[in-house]
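Taking it in order: structure first as structure tokens, then the write-up.
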Amino acid sequence: MHYVVLGAGPAGVVAAETLRTADRAGTITLVGGEPEPPYSRMAIPYFLTGKIPAEGTHLRKAPGYYDTLGIGFRQGTAEGLDTDAKRIAFADGSHLHYDRLLIATGARPVRPPIAGLERKAVHHCWTLEDARNIVTLAEPGSHVVLMGAGFIGCIVLEALAMRGVNLTVVEMGDRMVPRMMNPTAGTMIRKWCETKGVRVLTSTRIKSLQSVAAEKSRGIFGFLRRKEAPRDSDTIDVELDTGEMLAAHLVVVCAGVKPNTDFLEGSGIRTDGGILVDRYMRTSANDVYAAGDVARGYDFSTKGHDVHAIQPTASEHGRIAALNMAGHNVQYNGSLQMNVLDTLGLISSSFGLWDGVEGGEAVEVVDHDAYRYLCLQFKDDVLVGGTAIGMTQHIGCLRGLIQAGTRLGPWKERLRRDPMRIMDAYVAHSQMA
Amino acid sequence: MGWAGKILRVNLTAGTVKSEPLNMEWAQRYLGSRGLGTKYLMEEIDPRVDPLSPDNKLLFATGPLTGTMASTGGRYTVITKGALTGAIACSNSGGFFGNELKNAGWDMIIVEGRAASPVYLHVENQTARLLPADDLWGTSVWHTEEAIKAKHHDPQIRIASIGVAGEKGVKYACVVNDLHRAAGRSGVGTVMGSKNLKAIAVRGTLGVRIKDFDAFFRATEAAKAVLAGNAVTGQGLPAYGTQVLMNVINESGAMPTRNHRDIQFEGAHKISAEAMAEKRPTDGKANLARNGACFGCTIACGRISQIDRTHFSVKDKPQYWGASGGLEYEAAWALGSNTGVDDLEALTYANFICNEQGMDPISFGATVSAAMELFEIGAITTRETGGIELRFGSAEALVKLAELTGKGEGFGAEIGLGSRLLTAKYGHPDLHMGVKGQEFPAYDSRGIQGMGLTYATSNRGACHLRSYTVASEILGIPEKTDPLATDGKAGLVKAFQDATAAFDSAGICIFTSFAWTLQDVAPQVDAACEGDWTVEKMLEVGERIWNLERQFNLAAGLTAKDDTLPKRLLKEAAKTGPATGRVNDLGKMLPEYYALRGWSPDGVPSNETLARLAL
Amino acid sequence: MQRSLNIDPGKCTGCRQCEMACSYENEKVFNPSKSRIRVFTFDAEARFVPYTCTQCAEAWCMRACPVDAIRINLGTGAKEIHNDVCVGCKVCTIACPFGTVNYNADTGKVMKCDLCEGDPACAKACPTAAITYVDANWTGLDKMRMWAAKTDSAMTAN
Ligand SMILES: Cc1cc2nc3c(=O)[nH]c(=O)nc-3n(C[C@H](O)[C@H](O)[C@H](O)COP(=O)(O)OP(=O)(O)OC[C@H]3O[C@@H](n4cnc5c(N)ncnc54)[C@H](O)[C@@H]3O)c2cc1C
Ligand code: SF4
Ligand code: SF4
Ligand code: SF4
């Protein structure tokens, strides 16, 4: 049996490992699309801050790790897939046959249609290569404009700020992390970032990027619209829809991602904003599975299918897919959308249906001065979602309560009075019942 | 190390908080907690101040072992001039507040002045703020704790607060922390109330450091083994709590009953530890739910009780159906034997109310029993009591008065005066059973002679926690002495007093002394703290503290005349039990005690004594 | 035979010796807020419940870690944080459904129980044997295992 795992991010690596435990004899080939050993995008921010070297991002660290497990690792960019012949075509002209295939090719950043985004000092922050480019440009004191304050944008924000750059964030939504935080929480995070010296512009769009040289031709008017004089190293003029002009030395684009499914064209595998999979992680083609950011997996909360675009979901997908590929017949209960974010020392997290459900009920505590926030979303007496700011102890219990579907009984009333007792509620149910 | 090295000074009049370094020279001479706090108080106030004036100060002090792995190392003391006594007051409490304060990086909080309107102090590590407490004023300790935790969104905050009793000036109001642990005696909560300070809320996450961990670990391990191996601390206290004493003391004929008229209580077995553990016929549950420990305590004597839901006291009050702090021996005695009430559930309820509203169950129970005697002799009638039939043995009266006194309402306001003022008011001052205005605890000094001297000389007024000679005279710890003899008691009392002062100042619980001597404590202190903490140094510090407290009282206007006992104990012979026919022979012990202490015949420390102790 | 921490809340008196022992063992300071084990108190129910990681088989924390900073100690079976590798991303803190991985802002890393390399300080410090270190097979961890099963995102069909 030859298993091919296409994509060497967390979904791919966990899948390859799980395959090895589930099937000691099978042949396993893991294919990475970048000239790097399997690594974790999530660790990129820490590479940016210098906390770890590039090797620190590698998913597995032991030397010869994949060899020892008998996992063949190779590089190659898939360009086509023939599900009848069970054959993958690579960009370098080579081919690979599989018996069972896992597509774990993740996602890639989107480049919004804005004039000038192809300029040299404009980068995404998605791959190790991006990160290396950013490192050379983001020097202490340099002017950096970050486009997008979504989840990934905010993570990158922290890393950039820690490099000591002069940072402006431009977000077209009305708050930070709009898809992870409600307005109260998003505003709290924004206020915090501002007190830490980051300029945050929400409900603002970038209209164009131009070269600084162009400024001279605009004469005095160009200067009038500036807040700060450009420095020698600044090479880009960022034009905002407010009319303001920002000089930058580096622009980082975090404007969303889309799944890497281009090579599936003509393969017959059904996609719709991500590969469609069933609860066994099977795609529409025989012996082809999908996992991670590329797949619309089963969602625990909504009971629908969605791309979570987070690491824990990617590794869970990888594990479930691999078990099924190895013939274990494991149905997926769905993963929970959840995130944890550190914006310059303010730690926030969100779980499940953090925005609530129809007919549900929310309890909330807000402490603006202390930058503390907790919002619990219930359906009857079951927790279905939550958002927390400034809480780092026992926070995983939110996941536990949501995913176990715990009926909170009398504790719901107690939580209504003091939501911070959520861990007490959890321990009471798990240890004393 | 051991000490955090910092004091938080809070001026309520000015509304300011500030951090000061701890006086390390004093720390070497007074150790911490009780000793060090008393030194600060002595230096900073005029002992003649009115205890309830803004000029009095209120200190919350931890010891160097507070917050460490030393067994029972979670304690703090509240030091002030006592509202009940006008003498030095130092009340010790366990629970978790002391540890939290130390973890926040403070050895001590010194509270000065008086706030214009109710406030509470919020301490989060090195940040401290005074916040308005108008919405907490008028509410109980239990409500206050819940409300502050919810307000600061942190269930792990530890709180020391007063209930309505402290606000209303009940003379024996206490400071309660962790719902049912209290700095109970002498009216320290009354002083807190007079300052318009409702609560101190603390969250500490900085940690506590010590000098030499390896040595400390060895010393604390060895000391814990001693506690575990000792019959009292290893078995008696965890299983029965202090209530283990009820039957023992009753049989010894030293259990004050009905305001000390009797010395044995016929209903003792109904309110004893054994009774607490028995399943009730009504609901099949025992009064005692389980034992619980204070921070770091490997003894765990604490009682956690639940009241029978069908009992008249709580029938319609579900808020009292949950478990909470149950009866300790002193409370069971004061609320029970001394009032002649043998209804365990009623006593438990009264005890809950004492915790909830923050009042000392000993002084409360003793004042009720004095009032019962006044009622019996007709000095007060239902006119004064507002219709309450205040008879010995009436559980209804006890329950009603607990509710009224906790809120300072109706006749409860008079019970709140304490027995000295109450009995004087109604013309029978001899019926006040206490010393220096503070009511006796649960040992009748006619049956345990040494306790008479203990009470008479206790610096904070009648108290068993200043020299618990019961240990020797009844339990044989460290060696058995005859409870009816007076010989050698002066020396025994002095030795207990000095050692106790050292224990208290280290930040540990005095119950360890059932098993530990200073031989066990000194190595723990020595491993935690700079300075050569030998047994001798500890004893010297203990004696120094005792003399310092004495100096405070003398300066406050107390004299040798206050080192006495009520006439009843000196003149009326015990009617039953082993001590039948005996009174307390204080006169035989006191002069010897003064001499042993190096004090003049009128109880004033001589210059040599002061010089020897570097005072 | 691998061993695990067996916690019997019925015996716990709530003294927190375990919290101090743990914080000292791991952080060289007595500081319950840095302990990997925590005692929860339920006043009205008169219950004290010590609570820490059970080294669950699912090892959610380990599987979520992006940099392989959590690894199994082959001797003890503990899932251990390798501080030199951990980047402090906190994903493990939300991934563990038991809430037993905590972030430590002072170090910028996370902390969880590591069974003290097979010599648990908490168990040694517990005066009532409410925490013991026993053969994994006969511990009372069943309750927690059941709980773990509920959270498991996979379930085996037919
Ligand atoms: C800066 C940053 C910070 C992040 N922070 C967090 C966080 O804090 N928490 C969190 O949960 N998530 C975070 N994420 C998201 C997380 O990294 C992804 O959800 C996760 O990497 C998805 O894993 P995956 O294996 O599905 O895909 P990927 O990790 O994207 O791996 C895809 C693999 O497929 C390969 N590939 C792609 N196309 C082809 C092709 N055509 N042929 C062959 N190989 C191909 C790629 O080279 C790569 O090896 C972050 C992402 C970024 C970029
Ligand atoms: S920390 Fe949580 S997920 Fe990790 S092993 Fe322990 S219980 Fe399991
Ligand atoms: S915080 Fe550390 S141990 Fe936890 S997932 Fe991130 S890198 Fe791994
Ligand atoms: S085993 Fe060690 S690390 Fe784990 S809780 Fe106990 S003391 Fe802490």
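A ring-centre distance under 6.0 Å is found for F40(C) and H394(A). Within the 6.0 Å centre-distance limit, the rings of F30(C) and Y24(C) are counted as a close aromatic pair.
Interface summary for chain C: among M42(A), R41(A), E17(A), the most heavy-atom pairs under 4.5 angstrom belong to M42(A). Note: I94(C) leads I94(C), V91(C), V110(C), V101(C) in heavy-atom pairs under 4.5 Å with chain A.
For C96(C), the part lying under 4.5 angstrom from a heavy atom of chain A is the backbone only. Only the side chain of I52(A) comes within contact range of chain C, judged by heavy atoms closer than 4.5 Å. Within the 4.5 angstrom heavy-atom criterion, no atom of Y298(A) approaches chain C. When heavy atoms are compared at a cutoff of 4.5 Å, A105(C) does not approach chain A at all. Contact of S349(A) with chain C is made through the side chain alone, with heavy-atom distances under 4.5 Å. Contact of Q393(A) with chain C is made through backbone and side chain together, with heavy-atom distances under 4.5 Å. Contacts between I347(A) and chain C at a heavy-atom distance below 4.5 Å involve the side chain alone, from C-beta outward. For chain C, the nearby part of Y46(A) is the side chain; its heavy atoms alone come within less than 4.5 Å. Within the 4.5 angstrom heavy-atom criterion, no atom of C92(C) approaches chain A.
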**Message:** I'd like to know whether Y51(C) forms a side chain to side chain contact (heavy atoms under 4.5 Å, CB included) with V39(C), so could you lay out the CA-CA distance, the side-chain angles of the two residues, the decisive distance to 0.1 Å, and finally the verdict.
**Reply:** CA-CA 6 Å; Y51(C) 186 73; V39(C) 179; over 6 Å; no
**Request:** Run the numbers on E413(A) and R421(A) for salt bridge (charged side-chain N to carboxylate O under 4.0 Å, His left out), then give the verdict.
**Result:** CA-CA 11 Å; E413(A) 183 50 40; R421(A) 296 192 63 197; over 6 Å; no
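The backbone N or O of C86(C) sits less than 3.5 Å from a side-chain atom of K109(C), completing a donor-acceptor pair. A donor-acceptor distance shorter than 3.5 angstrom exists from the side chain of K79(C) to the backbone of Q55(C), with no hydrogens or angles considered.
Remark: L128(A) CG to H58(A) NE2 distance equals 6.0 Å, nearest 0.5 Å.
Cation-pi geometry between K51(A) and F47(A) is not met at under 6.0 angstrom from the ring centre and within 45 degrees of the axis.
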